[in-house]
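In what follows, a single structure is set out as structure tokens and then discussed.
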Amino acid sequence: MNQKDMIISNSFDVIVVGGGHAGVEAAHAAARMGSKTALITLDKNKIGLAPCNPSVGGVGKGHIVFEISALDGLMPKICSTTYLQARMLNTKKGPAVQGLRLQIDKQAYADRASNIMQNTPNVTVIQAMVDEIIVEDDNGIRSVQGIKTADGTIYHAQQIVITTGTFLNGLIHIGDVNFPAGRRDEQASIKLSDYLHKLNLRMGRLKTGTPPRLDPKTIDFSKLERQEVEPLTHLFEFDQKDVVTTRDCFIAHTNEKTHKIIFDNLHRSAMYSGNIKGIGPRYCPSIEDKISRFADKASHHIFVEPETAEFLEVYPSGISTSLPESVQKDFIQSIVGFENAVITKPGYAVEYDFVHPDQLKHSLEVKEISGLFLAGQINGTTGYEEAAGQGLIAGINAHQKAAGKEPFILDRSESYIGVMIDDLVTMGVDEPYRMFTSRAEHRLILRQDNTFLRLTQKGYDLGCVSQELYDKFIAEKKDLDAAIADLDSRYNNAQLVQAADLEQPIQEIVETLLGYTVSSRNALSIFAHMKYREYIKRQEREIAKVAQYKDLALPPMDAILNISGLSTEIKQKIKRYNPATVADAALIAGMTPAAISLLVLIARKPELIEQKN
């Protein structure tokens, strides 16, 4: 469809603002479920661009990508055709905390994403800057009606998904130099940020960063450690793959000289000079932050990763920085193997506005504005995977609302996406949110190998999973159910646990017990059943118990603060987060089982508080 057609056809069921990973999933989900969808982006050639690290997945993050795959989303499919290397992390640990991580060709990924979106039925790609959201106020009830672009064009829709990434009032910092930008060489979205403030949304300021890029021809790779990979049979998609490595990754190390150069120039970093007001990610700090916070460490890892198959630039993961370019050159060349390294692009920090996500429903719709959905870094998260997971849910729910159907909500007991969204909307954020397996209290149940078992039926019933994927899933599930029933009929629990502890490949253990071949994914699920069956049963009982008081409302805050059996610390945390239900209170870090039991008792019998006063 050409630009003229797009201007004439200015009414849609769903409009998605922003063409990053959240926007791509949102538009793709809404369109494939049947909504007439517009994807509005600043540059149609940069749809799905990975502006920071050239990788997708990892522990926790990879679980989200698998869940996107189980719901027939786009990120896993693009990864399968653009990856350079695939590694399974934590292979020496149990199946619940392993994580698939792919190095991707960033240019090929963006090209593929752009091509798919511009050729997806029901999707119209519009290249424009969005300045306003049109909101109608009908006797105090606010609802969206469309958007207005910088050139004055109005596009109408009653469902809008905002996925603006780091572009809202974005400001890039390199040393004492700063300038407005959403990311390198791209303009910031200033007026839209101002308009969100006018809608009375509570907003804050966050920061992220990226390292300098290096010319690989100037690196001595013989001095670096080459990362080994193990054979894999699957990536994020359901189908088996012939997994190959086309580009190696390496590891370098900072040293005491590196640290001294950085330490001596901390005052020149935008982070330490006071120029940056936004809060940075605790779990992905800048190299300045690492040197300052971990002064006792003599060295830090640098993961040297190719950005594209052409190998024109190298991404040194682990040394994001906002130091002046001259200082970046000095500390880079102090690293073994980087003595002659040439910086092709300097590292920088970017700070940007975000909307506090506790103003959202679990559907990712703004509570006070009907039809306005938010997804990705605008909600205070960091990472392509977290953004894509939110985009998928926001796109599904924008379609559901357009079709007059109930929202699609994933519970934290059934998915990492559910954990993430529940954390965001109930607890809010005070720093960029990143997914870890430790955030999921039921992670033995939320494994990579059983993702399709957990979510594909739900996606199919919803209408976002294709018949092709569903048929494959049903066939494999039938084989898995038969194999587990076979094992349970032939071996007792002690025998299965003993077999699971053997130091042999998982598939070999499972197939030796069964006497026949199973798929590698089913082998993992069977192994988890053997090893964790009793623990899984315990977690399932805990989930059922939580479900009993999931909607049990807490007493008023003044009453809670008068409960003598709660510690001062617990009371302070409850006052800070103001949970509505006992289940919400259980999510607060540091809540004890004793405190939860007391809250359950008081919620059921509030008169007990009165008796104590």
| R183 to Y348 six-membered ring, cation-pi geometry met (6.0 Å, 45°) | no

| request: Verify whether one side chain among H362 and D422 offers a donor that lies under 3.5 Å from an acceptor in the other. | output: yes

| task | State, without any angle test, whether S55 and R101 hold a side-chain donor-acceptor pair at a distance under 3.5 Å. | result | yes

| said: What verdict does the side-chain contact (heavy atoms from CB on, under 4.5 Å) test give for R142 and E136, after you've listed the backbone C-alpha separation in whole Å, the side-chain angles of each residue and the deciding distance to 0.1 Å? | reply: CA-CA 6 Å; R142 295 189 293 172; E136 182 180 87; over 6 Å; no

| request: For E414 and D411, indicate whether the former's side chain and the latter's backbone hold a donor-acceptor pair under 3.5 Å. | output: yes

| field | CG on L74 to SG on C79, rounded to 0.5 Å | value | 9.5 Å

| field | Side chain to side chain, Y155 and I40, heavy atoms closer than 4.5 Å | value | yes

| For E534, does the CD atom sit with more than 12 other heavy atoms under 6.0 Å from it, leaving out its own atoms? | yes

| message | Tell me whether the count of non-hydrogen atoms from other residues, nucleotides or ligands lying under 6.0 Å of NZ in K571 goes above 12. | response | yes

| task | For residues E132 and L192, determine if any side-chain heavy atom of one lies less than 4.5 Å from a side-chain heavy atom of the other. | result | no

| Measuring from F373:CZ to K361:NZ, what's the distance to the nearest 0.5 Å? | 8.0 Å

| field | Test salt bridge (charged side-chain N to carboxylate O under 4.0 Å, His left out) applied to K77 and E237, step by step | value | CA-CA 7 Å; K77 298 173 183 177; E237 290 190 86; 6.0 Å; no

| query | Side-chain contact, heavy-atom cut-off 4.5 Å: L360 with L424? | reply | no

| request: Look at the aromatic rings of F473 and Y470 and report parallel, tilted or perpendicular, splitting at 30° and 60°. | output: tilted

| query | Within a radius of less than 6.0 Å around NZ of K573, do more than 12 heavy atoms belonging to other residues, nucleotides or ligands occur? | reply | yes

| So with a 6.0 Å cut-off around NZ of K198, is the heavy-atom count from everything else above 12? | no

| query | Do the side-chain N and O atoms of T381 and Q390 include a donor-acceptor pair separated by under 3.5 angstrom? | reply | yes

| Side-chain donor-acceptor contact under 3.5 Å, N169 with Y352 | no

| request: Drop me the distance from Q158's CD to L372's CG, to the nearest 0.5 angstrom. | output: 13.0 Å

| said: I'd like to check D13 versus H399 (side-chain heavy atoms, cut-off strictly below 4.5 Å). Are they in contact? | reply: no

| request: Just jot down the side chain to side chain donor-acceptor pair (under 3.5 Å) partners of E67, sequence neighbours excluded, or say none. | output: R454

| said: Can you confirm whether or not the ring centre of F66 sits under 6.0 Å from the ring centre of F236? | reply: yes

| task | Apply the side chain to side chain contact (heavy atoms under 4.5 Å, CB included) test between E351 and each candidate in L171, T166, I172; give the one that qualifies. | result | L171

| said: Just verifying a value: how many Å separate N379 CG and Q359 CD, rounded to the nearest 0.5 Å? | reply: 10.0 Å

| query | Backbone N or O of I133 within a donor-acceptor pair of the Y195 side chain at under 3.5 Å? | reply | yes

| task | Establish, yes or no, whether a centroid distance under 6.0 Å links the rings of H356 and F354. | result | yes

| field | Distance-only donor-acceptor check, side chains S525 and D449, under 3.5 Å | value | yes

| Between K148 and D131, is a side-chain contact (heavy atoms from CB on, under 4.5 Å) present by the stated rule, with each step listed? | CA-CA 6 Å; K148 184 178 180 180; D131 281 353; 5.7 Å; no

| Can any side-chain N or O of R533 pair as donor or acceptor with the backbone N or O of V497 at less than 3.5 Å? | no

| Any donor-acceptor N or O pair under 3.5 Å, side chains S193, D353 | yes

| task | Report yes or no: do S286 and T321 form a side-chain donor-acceptor pair below 3.5 Å? | result | no

| remark: All heavy atoms of L196 vs all of M203, minimum pair found to be CB-SD, 3.7 Å

| task | Look only at the side chain of Q400 and the backbone of E406, and say whether a donor-acceptor pair between them is shorter than 3.5 Å. | result | yes

| field | side-chain contact (heavy atoms from CB on, under 4.5 Å) assessment of T163 paired with V16 | value | CA-CA 7 Å; T163 68; V16 178; 4.1 Å; yes

| message | side-chain contact (heavy atoms from CB on, under 4.5 Å) for N493 and M530? Distances and angles first, verdict last. | response | CA-CA 7 Å; N493 187 62; M530 294 163 55; over 6 Å; no

| I570 and A595: which non-hydrogen atoms are nearest, and at how many Å? | CG2-CB, 4.3 Å

| message | Test your reading of the model: is there a side-chain donor-acceptor pair from N450 to the backbone of I445, 3.5 Å cut-off? | response | yes

| query | Roughly how far apart are F303 CZ and S317 OG, rounded to 0.5 Å? | reply | 7.0 Å

| message | I'd like to know whether E385 forms a salt bridge (charged side-chain N to carboxylate O under 4.0 Å, His left out) with K61, so could you lay out the CA-CA distance, the side-chain angles of the two residues, the decisive distance to 0.1 Å, and finally the verdict. | response | CA-CA 6 Å; E385 304 86 354; K61 289 172 172 284; 3.3 Å; yes

| task | Mind listing the closest non-hydrogen atom pair of G18 and L39 along with its distance? | result | O-CD1, 3.3 Å

| query | More than 12 heavy atoms of other residues, nucleotides or ligands under 6.0 Å from NZ of K191: is that the case? | reply | no

| pair K401-V14: side-chain heavy atoms closer than 4.5 Å | no

| remark: Value for CG (L455) from SG (C464), rounded to nearest 0.5 Å, stands at 9.5 Å

| Main-chain N/O of S269 paired with E288 side-chain donor or acceptor, under 3.5 Å | no

| task | List the steps and the verdict of salt bridge (charged side-chain N to carboxylate O under 4.0 Å, His left out) for D430 and R576. | result | CA-CA 12 Å; D430 53 14; R576 176 185 177 188; 3.0 Å; yes

| query | What about F238 and F452, are their ring centers closer than 6.0 Å? | reply | yes

| query | Above 12 or not: heavy atoms from other molecules or residues under 6.0 Å from CD of Q145? | reply | yes

| Beyond-backbone contact of K477 with L453, side-chain heavy atoms, under 4.5 angstrom | yes

| message | Between R32 and D72, does any NZ, NE, NH1 or NH2 come within less than 4.0 Å of an OD or OE carboxylate oxygen? | response | no

| Less than 4.5 Å apart, any side-chain heavy atom of I279 and any of K207? | no

| query | Does K93 offer a backbone N or O that forms a donor-acceptor pair with the side chain of N90 under 3.5 Å? | reply | no

| task | Ignoring hydrogens and angles, tell me if any N or O in the side chain of K297 forms a donor-acceptor pair with the backbone of K290 under 3.5 Å. | result | no

| Closest non-hydrogen atom pair, A270 against S322 | N-OG, 3.3 Å

| Heavy-atom closest contact (S415 atom, L410 atom, distance) | OG-CB, 3.4 Å

| message | Whether the side chain of R443 engages the backbone of A440 through a donor-acceptor N/O pair (distance < 3.5 Å, no angle test) should be reported. | response | yes

| remark: Closest heavy-atom pair, K575 versus L561, reported as atoms and distance to 0.1 Å, is CD-CD1, 4.3 Å

| field | Main-chain N/O of G383 paired to H21 side chain as donor or acceptor, under 3.5 Å | value | no

